[in-house]
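Inspection log for the structure reproduced underneath, given as structure tokens.
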Amino acid sequence: DQQVKQNSPSLSVQEGRISILNCDYTNSMFDYFLWYKKYPAEGPTFLISISSIKDKNEDGRFTVFLNKSAKHLSLHIVPSQPGDSAVYFCAARDNAGNMLTFGGGTRLMVKP
Amino acid sequence: DAGVTQSPTHLIKTRGQHVTLRCSPISGHKSVSWYQQVLGQGPQFIFQYYEKEERGRGNFPDRFSARQFPNYSSELNVNALLLGDSALYLCASSLVGLEQFFGPGTRLTVL
């Protein structure tokens, strides 16, 4: 039973264009959502987060949107850069504790 | 400031053996969590410790155990290793209620 799903295993985008990574969840108890970026042979790096009481959070080129009614969140990267090429994980935390539930990841490739 | 550190980086074991993985959190972080990442999947929660007490446990068999020491470092132990235990084991530390920061992981290969 996958509570957090990233339905696109991969995404290819041209440099300078927008990258949109999507994530769906099923557990209504999730109250905090995070995006992590992972390069090979490294641990996940925290990118940006959003509380369930908000619908948007922006940090530089990265913006996360949350649609609670649809149980859907997305990460927008504008403009995309070749250095953004990595695997992106969506994660969710429930209000009972600090445990994170991760999606399966989306591999983003930004072409020069 | 140093980030989360894990040791060893890589480890090769044979079936039936046991393994101990170590983690040092970011200075000031009192919470440590362990995750298992199998190739092609997202990290899966194993344990969380806070102030040396277990605060959460994922859906893993009793062969997996962990502990946290007074200096907040942590060990993950896996007994009776199976081939399916081959994975990247990630440690994350956090201030309570905030973002978790991950170490580089320990790559365990079970032959």
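Residue numbers start from 1 in every chain, and the chains themselves are labelled A, B, ... in the order their sequence lines are given, proteins ahead of strands.
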Practice prompt. Give me the contact list for residues 103-111 of chain B versus chain A, heavy atoms only, anything under 4.5 Å, ordered by residue number.
Written response: G103(B), P104(B)

Worksheet, complete the sentence: Okay, Q37(B) and chain A: the region with an atom under 4.5 Å from a heavy atom over there is side chain

Worksheet item: So which of S49(A), G103(A), P44(A), G105(A) has the biggest tally of heavy-atom pairs under 4.5 Å with chain B?
Response: P44(A)

Discussion item. Using modelled atom types and a 3.5 Å cut-off, is there a donor and acceptor pairing between side-chain atoms of Q14(A) and backbone atoms of V110(A)?
Written reply: no

Discussion item. Test your reading of the model: is there a side-chain donor-acceptor pair from Q17(B) to the backbone of T14(B), 3.5 Å cut-off?
Written reply: yes

Worksheet item: Strictly by modelled atom types, are Q100(B) and Y35(B) linked by a side-chain donor-acceptor pair under 3.5 Å?
Response: yes

Worksheet entry | Those residues of residues 70-90 of chain B, ordered by number, that approach chain A below 4.5 Å (heavy atom to heavy atom) | L88(B), L90(B)

Item to complete: Ignoring hydrogens and angles, tell me if any N or O in the side chain of S52(A) forms a donor-acceptor pair with the backbone of D31(A) under 3.5 Å.
Response: yes

Worksheet item: Between the side chains of T101(A) and Q3(A), is a donor N or O closer than 3.5 angstrom to an acceptor N or O?
Response: no

Practice prompt. Flag this pair as yes if the NZ/CZ of R57(B) is under 6.0 angstrom from the six-membered ring centre of F47(B) and inside a 45 degree cone about the axis; otherwise no.
Written response: no

Practice prompt. List the steps and the verdict of side chain to side chain contact (heavy atoms under 4.5 Å, CB included) for I77(A) and L75(A).
Written response: CA-CA 7 Å; I77(A) 306 173; L75(A) 174 68; 4.3 Å; yes

Worksheet, complete the sentence: In short, I48(A) meets F62(A) closest at the heavy-atom pair CD1-O, 3.6 Å

Item to complete: Would you confirm whether T106(A), through its side chain, and S8(A), through its main-chain N or O, come within 3.5 Å as a donor-acceptor pair?
Response: yes

Worksheet entry | Steps toward side chain to side chain contact (heavy atoms under 4.5 Å, CB included) verdict (Q36(B), F45(B)) | CA-CA 7 Å; Q36(B) 180 196 64; F45(B) 174 75; over 6 Å; no

